[in-house]
Each structure stands twice: as structure tokens, then as C-alpha cells.
Asker: 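Provided herewith is a single structure, encoded as C-alpha cells, for subsequent inquiry.
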Amino acid sequence: MALDSFRRFAESEIRPALEAYEDSFVPREEMQSLVRQLQPFGVINGPVAEEDGGFGLDMVTYGLLFEELARASADLAVVALLQMECSKLLAGVPGDLTRPYLRSIAECEKFGSIGISEPDVGSNIAEIRTRARRDGDHFVVNGEKQWISNGHYSDFNICVAQVENDREKEGLALLLVDREHGYTSRNIPKMILNSQSTAQLFFSDVRVPAANLLTAPGKGLGKMLGLLDAGRPLVGLMAVAVAQAALDDSIEYARNRKQHGKYIAEHQLIQAMIAEMATEIDAARLLCYRALDRVEKGLGSAVESSKAKLFATDMALRAVNKAMEIHGGNGLTTEFRVEKLYRLARIFPITEGTSEMQKLIMARDLLGVSAF
Ligand SMILES: Cc1cc2nc3c(=O)[nH]c(=O)nc-3n(C[C@H](O)[C@H](O)[C@H](O)COP(=O)(O)OP(=O)(O)OC[C@H]3O[C@@H](n4cnc5c(N)ncnc54)[C@H](O)[C@@H]3O)c2cc1C
């Protein structure tokens, strides 16, 4: 019932609201209002415990809601994913530091962001260069983060930084950096997903209280990688949502377009494409939910999450390609949705770890040797 009512809401309210922006940037106040409307459905911070302002949803239920949101708007799904991931990271930190931030996400006041990637650091995340130098009861942060979702309107960044003192590097840690501490941002234009923000963040002698350290030095990367185990199948579900939309549009088009005296839906080669798309979408969806189930049960999911992301995101590329073929020349025009889906599908093999990295993660586990 919850899913049905969310689907109706997302289709009637969220999809038209975002479509009206035609892939242009949604101003912060409008984005906040949309997030407020989504919050009661549990799609913003659902998996966080109730005492931390969430709904205590299991990850599979969250995935079902998230897939619906992604079908209505991939831009808003990215915003929701980041709010959820920030909440999860903050909820696990003992003490009172993170309470106001958790509350501000639950009350849709603040936007969070996560800073791993840098101009020279993408797949090689162990080589992060952003520095947090100890200076009395503060850190002085210097560096640059790249591709940061929610970044331009973020109120805080959970930043992966190398902690160092006068003598040595202590290790990578997570640091909670508030916008008020002084980081700046620049929005990055992309081929799609421009209604939300992907940004560069600049840290230039940003002074952050030492109390804002969220993990011990040396523990930051492990904590972040654990989070990605849940993030990857969710990105996979975004790809599934795109592929499903491509299939839905293809079925509709094939039933209405006539060539050689009959609807193209009646041609066997078109039928083959539809059947292949449907089969692959189902397989990808099941891989994603299996990975989320393992995350929820704490069964260890790095390999299953990588399989789900790799298959779902590659599958979406195949699906939009077939949808484009089925639409013929009309697929190339901006007047049909399939053109947008084609561009959208290209994003997912890159975010939260590229397809190549997913293969290397799996092969490391299977072979017992690391190639990176
Ligand atoms: C829309 C979007 C949103 C994002 N949001 C965030 C965010 O919120 N926070 C954040 O921190 N980051 C974010 N990212 C960054 C994303 O995680 C990185 O883009 C991704 O990890 C790849 O890094 P890169 O772009 O630097 O590519 P690179 O690492 O430079 O890779 C380039 C190519 O080389 C390949 N390659 C690299 N190393 C190897 C290897 N060892 N073996 C074989 N092939 C290899 C890659 O697979 C790829 O094909 C986002 C990116 C996008 C596009």
C-alpha cells in the first residue's frame, strides 16, 4: 500500500515538477520543497533508526521506494540517495555532534554531500590528497573535491581527508565540514542530470573543530566503502528504472507504429528486443534486491553489490540502445523521452565506482589477488 501510494504521488507530483525544469538547475528553495514532499514516504532517510529521525526501514523496502522515485526523477533520486547516505554515516557516530545534522536532514532543512573524489583521485580512492592538518583544537583543511552530488547547495560535506600532524600522516578519516567553516563550490554542467547539483568543492585553509572528526585516522576509507556496498545496488536500481522506462516507451511505440502493413510490435525482431529487455531488467532488479537484502542482513555484500551495479548499469545501456532502435528516427528527437533516457543511462556505469572497478573488486575476491 505504501508503495502504491508513493508511486501515485511520484507520478502525479514529482515527475511533472521536474520535467518542467527540462534538465535545468532546480533552485535550492524549490529542491527543498520537493524533498519536504518526499520525506513522509521514507525515501529521504528511511533506513535510519527512528531515534535518529528516520523510519527504521529495511534496505529492501527502501530500495522499492527508491526505484519508484528514480522512475519519476533520476535527479531527485540522486538527492535522496545522498541525504540517506549522509544520514547513515552520521547516525553511526557516537556522541552529540551529529544530532543537529541528523535532525536537519529529517526536517529537510539541510543538504549533505560526500567528498571522496578529487581532480586526480577517482578509482584510486586510497590516494586521496585532501589534507586535514592538526592545529590545536582544530584541523586546517586544504584540497579540492570533484563530482560532488548535492555539492553546490550542500550545507555540509562528509569529507574523506588525510589527517596529518607536524611529523607524519596519520591516515584517511571522515571529517564533518560545515559550509560555515568556509568551503566554496562550483556547479559542473553535464550531459544530463542537471536539475540536481554535481559540484567541485574547494577547501582553502578551512578551519574545522577537531571534534568534527567522525572516524579515527585510518578508519575513514573502510567506513566509506561499507556505505558504497549499499549505494551500488541503489545506483543499479536507478539504471533499472531507466531501462524499465525505455521498455515501457518501446512497448507503447511498437504498438502504435505501422511499417510494412502492420504494427512493428508484430514483427518478430522487434518482439525479440522487447523480450530481451524485459528479461535483462528482471535479472538486474533481482541482483540489486539480493544485494540490498545481504546489506540489510549484514551478510557481507561487496561482491554481490558489485555484480548488481555492473550488470544493471551495463544492461541499461543495452536497453536504451534497443529502445532507440525501436523508435527509429523518432528516438533521436528531443520530442521523445527515449533520447533523454539514452543520455541518462550513460551516467550510471561511472558513478559510485566504474564498471571496470566493479569487475576488479569481484575478481579480487574470486582469484585472491588484487589488480589494483
Ligand atoms: C554524476 C556523478 C556523481 C558523482 N557523485 C559523487 C559524490 O557525490 N561524491 C564523490 O566523492 N564522487 C562522486 N562521483 C565521482 C565518481 O565516483 C567517479 O567519477 C568514479 O569513481 C570514477 O572516477 P573518475 O571519474 O576519476 O575516473 P578514473 O578513475 O580516472 O577512471 C577513468 C577510466 O579508467 C578506468 N580505470 C581506472 N583505474 C583502473 C584500473 N586499476 N584498472 C582498469 N581500469 C581502470 C576507469 O574504469 C575508467 O574507465 C560522481 C560522479 C558522477 C559522474
Asker: Might you confirm whether atom CZ of Arg346 has over 12 heavy atoms from other residues, nucleotides or ligands at distances under 6.0 Å?
Answerer: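 Check fails, neighbour count at 12 or below.
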Asker: So, does Lys145 use its side chain to make a donor-acceptor pair with the main chain of Val160 at under 3.5 Å?
Answerer: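 Present.
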Asker: Measuring from atom OG of Ser195 to atom CD of Glu30, what distance do you get when rounded to the nearest 0.5 angstrom?
Answerer: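 Separation between the atoms: 10.5 Å.
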Asker: What I want to find out is whether Glu276 reaches Arg318 closely enough, with some N-O distance under 4.0 Å, to be called a salt bridge.
Answerer: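 Here Glu276 does not pair with Arg318 in a salt bridge, since their nearest N and O are not under 4.0 Å apart.
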Asker: I'd like to check the side chain to side chain contact (heavy atoms under 4.5 Å, CB included) partners of Ala316; sequence neighbours left out, ordered by chain and number.
Answerer: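 For Ala316 the side chain to side chain contact (heavy atoms under 4.5 Å, CB included) partners, ignoring immediate neighbours, are Ala239, Ala243, Ala345.
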Asker: How about Asp4: does its CG atom have over 12 heavy atoms from other parts shown lying under 6.0 Å from it?
Answerer: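 Yes.
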Asker: Are Asp248 and Arg337 close enough for a salt bridge, meaning some N to O gap below 4.0 Å?
Answerer: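 Judged by the 4.0 Å cut-off on N to carboxylate O distance, Asp248 and Arg337 do not form a salt bridge.
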Asker: Is the closest side-chain donor-acceptor distance between Asn187 and Ser197 under 3.5 Å?
Answerer: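 Present: a donor and an acceptor within the cut-off.
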Asker: Ignoring hydrogens and angles, tell me if any N or O in the side chain of Thr98 forms a donor-acceptor pair with the backbone of Leu90 under 3.5 Å.
Answerer: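 Flag set: sc Thr98 to bb Leu90 pair under 3.5 Å.
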Asker: Among Tyr62, Phe9, Phe55, find the residue that satisfies the ring-ring contact (aromatic ring centres under 6.0 Å, His included) test when tested with Phe41.
Answerer: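 Only one of Tyr62, Phe9, Phe55 forms a ring-ring contact (aromatic ring centres under 6.0 Å, His included) with Phe41, namely Phe9.
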Asker: Mark yes or no for whether His138, through its side chain, and Val206, through its backbone, hold a donor-acceptor pair below 3.5 Å.
Answerer: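 No.
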Asker: Apart from Met362 itself, which Ile, Leu, Val, Met, Phe, Trp or Tyr residues share its cluster (side-chain heavy atoms under 4.5 Å, direct or through members)?
Answerer: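 Once heavy-atom contacts under 4.5 Å are chained together, Met362 belongs with Val303, Leu310.
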Asker: Regarding Thr130 and Glu118, do their side chains bring together a donor and an acceptor under 3.5 Å, going by distance alone?
Answerer: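 Glu118 and Thr130 do have a side-chain donor-acceptor pair below 3.5 Å.
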Asker: Above 12 or not: heavy atoms from other molecules or residues under 6.0 Å from CG of Leu299?
Answerer: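 Atom CG in Leu299 is packed in, count exceeds 12.
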Asker: Would Gln37 and Glu13 count as having a side-chain donor-acceptor pair, cut-off 3.5 Å?
Answerer: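 No - no donor-acceptor pair under 3.5 Å links their side chains.
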Asker: May I have all residue pairs that pass ring-ring contact (aromatic ring centres under 6.0 Å, His included) and include part of residues 163-220, sequence neighbours excluded?
Answerer: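 Sorted pair list: Tyr183-Phe203.
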Asker: Kindly check if the number of other-residue, nucleotide or ligand heavy atoms within 6.0 Å of NZ (Lys190) is above 12?
Answerer: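 Result for NZ/Lys190: enclosed.
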Asker: Atom CG in Leu172, atom OG1 in Thr215: separation rounded to 0.5 Å?
Answerer: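 It comes to 9.0 Å.
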Asker: Would you give the length of the straight line joining atom CD1 of Ile326 to atom OH of Tyr253, rounded to the nearest 0.5 angstrom?
Answerer: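 It comes to 10.5 Å.
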Asker: If you compare all heavy atoms of Leu82 against all heavy atoms of Gly112, which two are closest, and at what distance to 0.1 Å?
Answerer: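 Scanning both residues completely, I find the closest heavy atoms to be CB-O, 4.2 Å.
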Asker: Find out whether the Lys NZ or Arg CZ of Lys110 is both under 6.0 angstrom from the six-membered ring centre of Phe156 and within 45° of the ring's axis.
Answerer: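 No, Lys110 and Phe156 do not form such a contact.
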Asker: Can you list everything that forms a side chain to side chain donor-acceptor pair (under 3.5 Å) with Ser73? Sequence neighbours excluded, please.
Answerer: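 Checked Ser73 against side chain to side chain donor-acceptor pair (under 3.5 Å); zero matches.
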Asker: Can you tell whether the side chains of Asp155 and Arg28 come within less than 4.0 Å, N to carboxylate O?
Answerer: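 Salt bridge: yes.
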Asker: Side-chain heavy atoms under 4.5 Å apart, restricted to Ile/Leu/Val/Met/Phe/Trp/Tyr: what other residues fall into the cluster of Trp147, or is it alone?
Answerer: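 Direct or chained contacts put Trp147 with Ile188.
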Asker: How long is the gap from CZ on Arg133 to CZ on Arg207, to the nearest 0.5 Å?
Answerer: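 Answer for the CZ-CZ pair, Arg133 versus Arg207, is 8.5 Å.
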Asker: Given a cutoff of under 4.5 Å between side-chain heavy atoms of I, L, V, M, F, W and Y, with clusters grown through shared members, what are the other residues clustered with Val140?
Answerer: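 Besides Val140, the cluster holds no residue at all.
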Asker: Enumerate the side chain to side chain donor-acceptor pair (under 3.5 Å) contacts for residues 283-293, please, sequence neighbours excluded, ordered by first and then second residue.
Answerer: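 Every pair satisfying side chain to side chain donor-acceptor pair (under 3.5 Å) with a residue in residues 283-293: Glu67-Arg285, Glu67-Tyr289, Gln244-Arg285, Asp293-Lys297.
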Asker: Partners of His152 by side chain to side chain donor-acceptor pair (under 3.5 Å), sequence neighbours excluded?
Answerer: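 Ser185.
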Asker: Tell me whether Arg7 is salt-bridged to Glu11, with the criterion being a basic N under 4.0 Å from an acidic carboxylate O.
Answerer: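 Glu11 and Arg7: not salt-bridged.
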Asker: Could you tell me whether the side chains of Asn330 and Glu335 share a donor-acceptor contact shorter than 3.5 Å?
Answerer: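 Distance-only check fails for Asn330 and Glu335.
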Asker: Does the side chain of Asp137 come within less than 4.5 Å of Pro209's, by heavy atoms?
Answerer: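 No, side chains not in contact.
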Asker: Backbone N or O of Leu193 within a donor-acceptor pair of the Gln196 side chain at under 3.5 Å?
Answerer: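 Answer holds: yes.
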Asker: Test question: given the 4.5 Å side-chain rule for I, L, V, M, F, W and Y, name all other residues clustered with Ile361, or answer none.
Answerer: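 Noted: Ile361 shares its cluster with Met357, Leu360, Phe372.
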Asker: I'd like to know if Glu352 pairs up with Lys309 as an ion pair, taking the criterion as any Lys NZ or Arg NE/NH1/NH2 lying under 4.0 Å from an Asp or Glu carboxylate oxygen.
Answerer: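 So Glu352 does not pair with Lys309 through a salt bridge.
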Asker: Quick check for you: to the nearest 0.5 Å, what is the distance between Asp23 atom CG and Lys340 atom NZ?
Answerer: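 Reported to 0.5 Å precision, the distance equals 6.0 Å.
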Asker: Checking the side chain of Arg134 only, and the main-chain atoms of Phe139 only, is there a donor and an acceptor separated by less than 3.5 Å?
Answerer: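 A pair under 3.5 Å: no.
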Asker: Taking only residues two or more places apart in sequence, or in another chain, which ones meet Gln39 in a side chain to side chain donor-acceptor pair (under 3.5 Å)?
Answerer: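 Partners of Gln39 by the side chain to side chain donor-acceptor pair (under 3.5 Å) criterion, ordered by chain and then number, come out as Asn45.
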Asker: Go through the structure and list residues passing side chain to side chain contact (heavy atoms under 4.5 Å, CB included) with Ser24, not counting sequence neighbours.
Answerer: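 Here the qualifying residues are Tyr21.
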Asker: What pairs with Arg99 under side chain to side chain donor-acceptor pair (under 3.5 Å), at least two apart in sequence or on another chain?
Answerer: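 Scan of Arg99 (side chain to side chain donor-acceptor pair (under 3.5 Å), adjacent residues dropped) gives Asp52.
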Asker: Taking atom CZ of Arg232 and atom OG1 of Thr313, what is their separation to the nearest 0.5 Å?
Answerer: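 With rounding to 0.5 Å, CZ (Arg232) is 11.0 Å from OG1 (Thr313).
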Asker: Considering only NZ, NE, NH1 and NH2 on the basic side and carboxylate oxygens on the acidic side, decide whether Glu164 and Arg131 come within less than 4.0 Å.
Answerer: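 Yes.
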Asker: Give a yes or no answer on whether the side chain of Arg257 reaches the backbone of Tyr263 with a donor-acceptor pair at less than 3.5 Å.
Answerer: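 Checking the backbone N and O of Tyr263 against the side chain of Arg257, no donor-acceptor pair under 3.5 Å is found.
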Asker: Between Glu109 and Ser104, is any side-chain donor less than 3.5 angstrom from a side-chain acceptor?
Answerer: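 Side-chain D/A pair, Glu109 to Ser104: absent.
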